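Scroll down for the structure; my scribbles are underneath it.
Keep in mind that the numbers below use all heavy atoms, side chains included, and drop hydrogens, waters and symmetry copies. The residues of the chain are indexed from 1 along the displayed sequence. This is a predicted model, so every value here is computed, not measured.
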Amino acid sequence: MKYQSTRGQVKGIPFKQAVMMGLAEDGGLLLPESIPHLTPGDLDALAKYNYPELAFQVMSYFIEDIPAADLKNMIDRAYASFTHPDITPVVHRDGLYLLELFHGPTLAFKDVALQFLGNLFEYLLAESGEHMNILGATSGDTGSAAIYGVRGKKNINIFILHPHGKVSPVQALQMTTVTDANVFNLAIEGTFDDGQQIVKETFGDLDFKKKYALGAVNSINWARVLAQVVYYFYAWGQVRKQTGANKVYFSVPTGNFGDIFAGYIAKRMGLPIEKLVLATNANNILTRFVNDGDYSASEVHPTFSPSMDIQNASNLERYLFYLLEEDSGRLSAAMQQFSDTGQLAFTKEQVASINEVFLSTSVDNDQTLATIRDFHAATGYILDPHTATGVKAGKDLAGGEYPVICLATAHPAKFPDAVNQATGKNPERPISLNGLEERERRCATIEANTETIKAYLSENAL
Ligand SMILES: *Cc1c(COP(=O)(O)O)cnc(C)c1O
């Protein structure tokens, strides 16, 4: 399997190179040159595997340049860090199937991909004799999942900027209590946007980027998408076992379109997904895209589901490539237009083609709390606010014909305030958070200034 850029200037590169490139060198995103199509017989065979075996099988369709034993080993180590024996268990509540993706070390679905990506980076760097300095900004979940993905790994240092005092206390502690020597938490005196801007400017200094071998961990890395394709197969297999149904809906709380794009790949591979339900919060740009063909950014509104507070979904470009019939010229023109004007408009025919795959609705803060409250009252189960948007959207949009699988993207204990407002109770804390407040911390508070951050990097980079 070879990889190509959505923008057409990078072609024919193997998986390993695609992983190390992250963002394609022409500014596009990397995709496989073709998507394997599985037969019903292939699907039956896949349904028999446990999670790590399945991950190996699914990923192997897309990876030709890593020996099987090495890939297996990286996968096994990645999922050994999960606390549930099924890795991503499926539970049945209130007529829905919840795919629990939060049993990894930082209690959010991003662990599923980043635990694997950390091992993959370490493996590829050992092979090439190179090193890497990862730089990223976070509003909460990505930073901690990335830190846990690479803590203690050889030839990698990681620098994560978070806005001082502006991430949830649990999120801040999850990051700053990691004291491995290769992890650098930087609490910047500014906002998340300041952090993103600093990261962008630092990557934009190409000499600096090269000198320090800067690497990124945001969701544009193809390996992250690939690792997430696996659990769509897994959940489908589990639900088929429980119900006998072959076709399913998935409902996905969405921000950067990474997680749901993995579902789209699974559907293109032949997994019998009736529709993918795309749930947004008040930041509803993707809902407007799906329902009206209107992709136009507005201001970011803070909500109870902060990991979905996004107005420019970085992974949408991958889907647009397919919507525009894999024409990298048309795609490049569209991306240029979005960057110039902040908006894209799609035709009726295009909206119809989007709706063959996606349905969408936006779930506001009140509806999020009401969903947590009602679900808890009906079942005793506590949803986190991100998962609640997906549950609400799944109930509203997926007709009763097929089972509905909702992706449970975070553990409720990460967002105790919203849960408490909804139910009057604090969610139970999993063992991994016990004693969090008492642990040793390592974090530097630093001015939100690109030159200051670059100076810090120069002193501490590999
Ligand atoms: C990151 C995140 C999302 C959004 O996922 P995307 O891949 O950006 O669409 C949803 N829920 C939680 C808990 C997250 O951390």
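Between the side chains of Glu440 and Thr179, no donor-acceptor pair is found at a separation under 3.5 Å. Between the side chains of Asn283 and Asp309, at least one donor-acceptor pair of N or O atoms lies under 3.5 Å. The closest side-chain donor-acceptor pair between Ser362 and Thr287, if any, does not fall under 3.5 angstrom. Donor-acceptor pairing under 3.5 Å is lacking for the side chains of Tyr51 and Asp86. Side-chain contact annotation: Glu447 with Thr452, donor-acceptor N/O pair under 3.5 Å present. Judged purely by distance below 3.5 Å, without hydrogens or angles, the side chains of Asn182 and Asn157 never pair a donor atom with an acceptor atom. A donor-acceptor pair shorter than 3.5 Å cannot be found between the side chains of Asn365 and Thr303.
Other residues, nucleotides and ligands contribute at most 12 non-hydrogen atoms within 6.0 Å of the CD atom of Glu25. Enclosure of atom CD in Glu428 is not indicated, since only 12 or fewer non-hydrogen atoms of other residues, nucleotides or ligands lie within 6.0 angstrom.
Put simply, NE2 on His162 and CD on Gln171 are 10.0 Å apart, with the number rounded to the nearest 0.5 Å.
A ring-ring contact (aromatic ring centres under 6.0 Å, His included) with Tyr232 is found for exactly one of Phe250, Tyr264, Phe261, namely Phe250.
Salt-bridge formation is detected for the pair Arg268/Glu326: a Lys NZ or Arg NE/NH1/NH2 atom is positioned less than 4.0 Å from an Asp or Glu carboxylate oxygen. The pair Glu122-Arg151 fails the salt-bridge criterion, with no side-chain N (NZ, NE, NH1 or NH2) lying under 4.0 Å from an Asp/Glu carboxylate O.
Judged as a salt bridge (charged side-chain N to carboxylate O under 4.0 Å, His left out), the pairs with a partner in residues 194-221 (not counting sequence neighbours) are, in order, Asp205-Lys454. For residues 105-121, there are no salt bridge (charged side-chain N to carboxylate O under 4.0 Å, His left out) pairs, not counting sequence neighbours.
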